[in-house]
Amino acid sequence: MAKRQYWLMKSEPDVYSIDDLERDGSTYWDGVRNYQARNLMRDKMRLGDGVLYYHSNATPPGIVGLAKVSKESYPDPTQFDPKNKYYDPKSKEDDPRWYLVDIEYHATFPEMLSLGFLREQESLEGMALLRKGQRLSVQPVSASEWRTVCKLAGVSSKL
DNA sequence: GCCAACGTTGGC
DNA sequence: GCCAACGTTGGC
């Protein structure tokens, strides 16, 4: 059994918030059109991995809860749909360019951990999210960062 | 709305 | 393969 890994995934709450995920139970993470983020989803994310759910373009932005990977990567169906905003005419069904994973809801933090608060934590120094110019919508998170974030939020780090 | 920090595209 | 132009992300 491979060791569990941890990730952070960004979503704009106006588009799909953690409340939407709680309501739906699980969702497929469509629309990622960045190769680095795609590679992480396609090649690295495994069933049962932990996900920090981050609200971007929010006031304030921050980590709002936990999810976990409920299905490993498969081609993002939206890339083949000409009516979809994520349609990619250069992607072929027999050679898909974009992949996604499914995630399922796990928990919502009693209070969100804002980006500003996270920046104040010495224990999170070096976290990818806090690095200057970091825009990846899917990022790796270390086991110790995961435990620290859960502790700060006052929730169990167990999934 | 601004703009820094990227990433992608396409001419050469 | 270089790099200018352009597009996007996302904090502020």
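We name chains A, B, ... by the order of the sequence lines, and we start the count at 1 in each one. Just so you know, these numbers come straight off a predicted model, no measurement behind them.
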Over all atoms of both residues, closest heavy-atom pair of A:Met9 and A:Val138: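 Looking at all heavy atoms of both residues, the closest pair is CE-CG2, 4.1 Å.
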If you round to the nearest 0.5 Å, how far is OG of A:Ser157 from CG of A:Leu66?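 A:Leu66 atom CG to A:Ser157 atom OG measures 9.0 Å (nearest 0.5 Å).
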In plain terms, say whether A:Asp76 and A:Arg33 are close enough for a salt bridge, that is, a side-chain N and a carboxylate O under 4.0 Å apart.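 So A:Asp76 pairs with A:Arg33 through a salt bridge.
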With B for base contact, S for sugar-phosphate-only contact and - for none (protein heavy atoms under 4.0 Å), nucleotides 3-12 of chain C reads -----BBBBS
On DNA chain B, check which nucleotide each of A:Lys90 and A:Gly133 is closest to and give me the residue with the more 5' one.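 Mapping each residue to its closest nucleotide by heavy atoms, the 5'-most match is A:Gly133.
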Cluster overlap A:Ile103 with A:Tyr16, hydrophobic side-chain contacts below 4.5 Å: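 A:Ile103 and A:Tyr16: one cluster.
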Polar contact flag, side-chain donor to acceptor under 3.5 angstrom, A:Asp102-A:Tyr74: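 Checked: A:Asp102/A:Tyr74 side chains pair up, N/O donor to acceptor below 3.5 Å.
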Please tell me if the side chains of A:Val32 and A:Leu100 come closer than 4.5 Å, counting only heavy atoms from C-beta onward.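 No - every pair of side-chain heavy atoms lies 4.5 Å or more apart.
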Please examine the side chains of A:Gln139 and A:Arg131, heavy atoms only from C-beta on, and report whether any two atoms are closer than 4.5 Å.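 Result no, sub-4.5 Å side-chain heavy-atom pair not found.
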Candidate list A:Leu115, A:Leu52, A:Leu136, test side chain to side chain contact (heavy atoms under 4.5 Å, CB included), partner A:Leu129, passing option: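 The passing option is A:Leu115.
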Counting only non-hydrogen atoms, which of residues 91-103 of chain A are less than 4.0 Å from DNA chain B?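 Correct list: empty, so none.
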